[in-house]
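Let me begin by presenting the structure, written as structure tokens, before commenting on it.
Quantities reported herein were computed from a predicted structural model and do not represent experimental measurements. Every chain is numbered from 1, with letters handed out A, B, ... down the list of sequences.
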Protein chains: 2
Amino acid sequence: MKNRLKVMRAERDWSQQDLAEQLGVSRQSVNAIETGKYDPSLPLAFRIADVFELPIEEIFLRDEA
Amino acid sequence: MKNRLKVMRAERDWSQQDLAEQLGVSRQSVNAIETGKYDPSLPLAFRIADVFELPIEEIFLRDEA
DNA sequence: AATTTATGTAAAGGAAGCTAGACATGGAGC
DNA sequence: GCTCCATGTCTAGCTTCCTTTACATAAATT
């Protein structure tokens with residue numbers, strides 16, 4: 001499951017730390033999600049969607065294939 | 001995090017077992033999600049959305065408050 | 001009455017998500 | 001040079017998600 005977090009964060013000029021604080025998670029979690037180590041939980045995915053004001057489907061992308 | 005799984009499943013007249021097989025998870029997982037024991041992972045939420053052909057946001061609802 | 005189906009629940013174990021703490025690197029600015 | 005930042009990574013530990021196995025109940029069927 002890929003995501004557009006890094007790009008969307010860059011568009012807003014937020015650091016991983018900035019985003020982590022808005023989401024209420026650790027900087028390491030944001031980093032791990034961005035670098036593809038794991039996917040966020042569903043509740044966290046909703047918070048991410050809220051922060052970026054976008055539907056989940058526009059942030060997280062089904063794996064091709 | 002609430003969800004409309006039970007109703008949507010009833011609308012289609014699927015058993016928990018039917019849905020579990022379509023999703024590739026155990027019947028207990030479907031039951032646990034429906035009865036609110038826990039939320040699905042993000043990848044599973046996407047599969048659920050695919051099976052019901054609805055956006056995630058129309059199936060899973062942010063907790064009010 | 002006996003069987004089948006659907007649902008709910010529980011326990012134990014493995015896999016995935018998340019934490020705090022620490023360390024390394026590269027870039028920007030003194 | 002040194003010092004911040006921002007990012008990436010690692011570890012140990014805890015919580016959440018998901019599994020198999022199993023048991024209980026109610027409803028429908030035979």
Side-chain angles (χ1 to χ4, degrees):
Chain A
M1 173 131 277
K2 290 184 178 177
N3 69 71
R4 309 204 323 110
L5 265 191
K6 190 168 187 169
V7 171
M8 293 170 29
R9 190 171 55 75
E11 287 171 351
R12 288 158 181 78
D13 198 26
W14 293 341
S15 69
Q16 292 181 346
Q17 181 69 43
D18 292 334
L19 178 56
E21 287 170 7
Q22 294 187 66
L23 295 172
V25 296
S26 69
R27 179 184 69 83
Q28 287 84 342
S29 287
V30 170
N31 184 283
I33 293 166
E34 280 194 4
T35 57
K37 293 213 168 45
Y38 51 72
D39 297 314
S41 67
L42 185 59
L44 179 51
F46 266 87
R47 295 207 297 279
I48 293 171
D50 288 345
V51 163
F52 287 106
E53 297 182 312
L54 286 172
I56 290 181
E57 282 87 350
E58 289 186 24
I59 303 175
F60 299 94
L61 310 173
R62 292 164 180 78
D63 286 324
E64 65 256 23
Chain B
M1 173 130 278
K2 291 183 178 176
N3 69 71
R4 310 203 325 109
L5 265 190
K6 190 166 185 169
V7 171
M8 292 169 31
R9 190 171 54 73
E11 287 171 350
R12 289 158 181 78
D13 198 26
W14 291 343
S15 68
Q16 292 181 346
Q17 181 68 44
D18 293 334
L19 178 55
E21 285 169 9
Q22 294 187 67
L23 295 172
V25 296
S26 69
R27 178 182 69 84
Q28 286 80 350
S29 288
V30 170
N31 183 283
I33 293 167
E34 281 193 5
T35 57
K37 293 211 169 49
Y38 51 73
D39 298 313
S41 67
L42 185 59
L44 179 51
F46 266 87
R47 295 207 298 279
I48 293 171
D50 288 344
V51 163
F52 287 105
E53 297 182 313
L54 287 171
I56 290 181
E57 282 87 351
E58 289 187 23
I59 303 174
F60 299 94
L61 311 172
R62 291 163 181 78
D63 285 325
E64 66 256 23

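With C:dC18, D:dG8, D:dC17 as the candidates, the nucleotide lying closest to the side chain of B:Asp39 is D:dC17. When distances run from any side-chain atom of B:Ser41 to the nucleotides D:dG8, C:dT9, D:dC18, the shortest one goes to D:dC18. Here the side chain of A:Ser15 is nearest to one of D:dC18, D:dT9, D:dA6, namely D:dA6.
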Evaluate A:Phe52 against A:Leu19 for side chain to side chain contact (heavy atoms under 4.5 Å, CB included), listing each step before the verdict.
CA-CA 10 Å; A:Phe52 287 106; A:Leu19 178 56; 4.0 Å; yes
Run A:Asp18 and A:Arg12 through salt bridge (charged side-chain N to carboxylate O under 4.0 Å, His left out) and show every step you take.
CA-CA 10 Å; A:Asp18 292 334; A:Arg12 288 158 181 78; over 6 Å; no
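In terms of modelled atom types and a separation under 3.5 Å, the side chain of A:Arg27 and the main chain of A:Gln17 share no donor-acceptor contact. At distances below 3.5 Å, at least one donor-acceptor pair connects side-chain atoms of B:Asn3 with backbone N or O atoms of B:Ile33.
Atom OH in B:Tyr38 sits roughly 14 Å away from atom P in C:dG17 (whole-Å rounding). Across the protein-nucleic acid pair, A:Arg27 atom CZ and D:dG8 atom C1' stand 8 Å apart, rounded to whole Å. Rounded to whole angstrom, the span from the CG atom of A:Leu5 across to the P atom of D:dG8 amounts to 12 Å. Straight-line distance from the CD atom of B:Gln16 to the C1' atom of D:dT25: 14 Å, rounded to whole Å. Look at CD1 on B:Ile48: it is 12 Å from C1' on D:dC17, rounded to the nearest Å. In this entry the distance linking CD1 of B:Ile33 with C1' of D:dC17 reads 9 Å, nearest Å. Spacing between atom NZ of A:Lys6 and atom P of D:dT7 amounts to 8 Å, rounded to whole angstrom units. The separation between A:Arg9 atom CZ and D:dC5 atom C1' is 13 Å, rounded to whole Å.
Looking at heavy-atom distances under 4.0 Å, B:Ser29 makes contact with a base. B:Ser26 comes within contact range of at least one nucleobase, with a heavy-atom separation under 4.0 Å.
For the pair B:Glu34 and A:Arg47, both in contact range of DNA chain C, the more 5′-proximal nearest nucleotide belongs to B:Glu34.
Side-chain N/O atoms of A:Asn31 include none lying less than 4.0 angstrom from OP1 or OP2 on D:dT7. Regarding contacts with the backbone of C:dG17, every side-chain N or O of A:Lys37 stays at 4.0 angstrom or more from both OP1 and OP2.
The base of D:dT21 sits within donor-acceptor range of the side chain of B:Gln28, with an N or O pair under 3.5 Å.
Closest approach of B:Ala49 to B:Ile56, counting heavy atoms only: CB-CG1, 3.8 Å.
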